[in-house]
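Here the structure is a predicted model, which is why all the values come from computation and not from measurement.
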Amino acid sequence: MSKNGAKQIKISKGTLGLVIAVCALAVLMAFLLILRTNQSVCEWICRNLVSGYQAVAGRFFSVTRANIFEISAAIGAALAIAMIITSIVLFCKKKRVASRRVMLSLIVICFCIANLYIFAAGFAYNREAAPLVKYQGDVSKEHALESYIALIDDIKTCYDEIGNYNEDGSVICPYSERELEDKVRKAVDDILKDDYYYSYTPKAKAVISSRLMTYNSIAGITFLPTCEPCYNKEMPIVERVHTLAHEYAHTKGVMREYEANLVATYVLLNSGDAYLKYCAYVDAYSDIDDLIRYDETYFDNVKLYDTPEGFDRDCGIILFWWWHQPSFGDFGSIVNDLYLKLQGQSEGTGSYEETPGTDEIIIGGEDGEEDRYLEIITEYTNMHRMLIAFGDSLKS
C-alpha cells in the first residue's frame, strides 16, 4: 500500500470517528427529548440528578465574580466563526477531508452543549407546579376587596419604613449591589425549603455587556449548565430586585416563566425586608389592581384606597426607562420566543404571565358623561390567588 493510501485511510478513520460521535450525540439528544415528555421522569431527574449537578457546578462557578457564561458565550461564538471560516478556506483549497473534520468537530461541540443544556434546564420545563401558598377556594367580592386593602396598606407601610426618598418621592435603595444580591439570595434560601427546589442557590452575577441586553430588552438570563443567575445592571434598581429573584427561581428548578415570576414575588413578599417587599409590590401592582376588577365599584375603590405618590413614581420609572432605551427592535423577543417554544412553552414569550378569565362591561355615564368600559376579571390566576393568600396573612 502506498503512503498516500495509508494517509487516506488514517484520515478516513478520523472522519469516521467524528461521524460516529455526531450520531451518538444525536441519538442521546433524541432520547433526552423523549424522556422530557414524561412529567414523572422529569420530576425524578430534577430532584435526584439535576439537583446534585446544581450543588456541585453551582458552588464551582460561584467561586468567582466573573461571569463564566458571558465569557464562554463570547469565546464560543468566536470559536464557531473561526471554525466555519477555516472549514470554508480548507474546502476552497481542495482539502475537503480536513474541511469536513473541522465542521464535524463543531457539530460535536454543539451537540455536547445542547445535551448538557437539556439535562440541566430542559427537564425542569415539564415539572410539576412549584409548591406555594395560594388561596384555593372561591373568592367573593368582599374577600377580594379585603385582601386588596391589606396589600395597599402594606405597600404604604413598606414605603414609610424605607424612609429614604429622591426628590420625586421614589425610594432610594438602602443596599449596595452586592448586599442586594445577598439579601435576595438569603430570602430564597430561607423561604424555598420544600424538597421540590434544588438545595443550592448559586450567586448572582451582573452581566458586563449589559448594554447589549438593554438593546435586546432583556432584564436577566440564567444559564443552567454554569448555574449562573445573571442580570442587566443598567436597569432601574427597583426592577432589578424582582429580576434577581426571578433568575434565582430558575436556579432552584423553576423554569416556566410565569412560575418563576410567581415564585420571585412570593419570596420577596415573605422576606420580611421592607425594600424587597416594596419592589415585589412594584412588579405585582397590576395583579393587585386586578383583584378588585370585578364590577363598577372598581373606580371608587381605586380612589378610596390609593397608593403613595412615590410608589406610583417607582412603577412609572421602569416603563419610562425601557421605553427610552435604544433597541435592536424585536430581535431579542423573537429569539426568546423561539427558545421558549423549543422548550415546550407553546405561548412563547406570552408564557411570562398567566392569562386570567376576563369580560367587558359598560358603565353608563351620569349627567351627560360618556359611558366607561371596564375589563373585569372573571377567573383569577395563580398570581392573584397567591396575593389573596398573602393579603389574608397580613390581616391575621
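The stretch residues 102-123 participates, sequence neighbours left out, in these side chain to side chain donor-acceptor pair (under 3.5 Å) pairs: Tyr117-Tyr339. The stretch residues 270-285 participates, sequence neighbours left out, in these salt bridge (Lys or Arg N to Asp or Glu O under 4.0 Å) pairs: Asp154-Lys277.
Side-chain contact of Thr214 with Glu234: a donor-acceptor pair under 3.5 Å is present, judged by distance alone. Side-chain contact annotation: Asp289 with Tyr148, donor-acceptor N/O pair under 3.5 Å absent. Using modelled atom types, one finds a donor on one side chain and an acceptor on the other under 3.5 Å when comparing Ser209 with Glu70.
Salt bridge annotation for Lys141-Asp295: present, with a cationic side-chain nitrogen under 4.0 angstrom from a carboxylate oxygen.
The backbone N or O of Lys95 lies less than 3.5 Å from no partner atom in the side chain of Ser99, so there is not a single donor-acceptor pair. In this structure a side-chain-to-backbone donor-acceptor pair under 3.5 Å is present from Asn232 to Ile218. No donor-acceptor pair closer than 3.5 Å links the side chain of Thr358 to the backbone N or O of Ile376. Judged by distance alone, the side chain of Thr86 and the main-chain N or O of Ala82 form a donor-acceptor pair under 3.5 Å. His143 places no side-chain N or O within donor-acceptor distance of the main-chain N or O of Val139, the cut-off being under 3.5 Å. Without hydrogens or angle criteria, Lys183 side chain to Tyr175 main chain gives no donor-acceptor distance under 3.5 Å. In this structure, the side chain of Tyr197 engages the main chain of Pro131 through a donor-acceptor pair within 3.5 Å.
A side-chain hydrogen bond (donor to acceptor under 3.5 Å, both in side chains) with Thr201 holds for exactly one of Lys186, Lys252, Arg185; it is Lys252.
Other residues, nucleotides and ligands place no more than 12 heavy atoms under 6.0 Å from the CG atom of Asp195.
Considering CZ of Arg385 and OH of Tyr380, their distance stands at 9.0 Å, rounded to 0.5 Å. If you take SG on Cys46 and OH on Tyr125, they are separated by 11.5 Å, rounding to the nearest 0.5 Å.
Qualifying side-chain contact (heavy atoms from CB on, under 4.5 Å) partners for Ala204, counting only residues two or more places apart in sequence or in other chains: Glu181, Pro229, Tyr231, Leu244, Tyr248.
Between His246 and His242, the ring-plane angle classifies as tilted under the 30° and 60° cut-offs.
Residue Leu18 is not grouped with residue Ile109 when hydrophobic side chains (ILVMFWY) are merged at heavy-atom distances under 4.5 angstrom, including chains of intermediate members.
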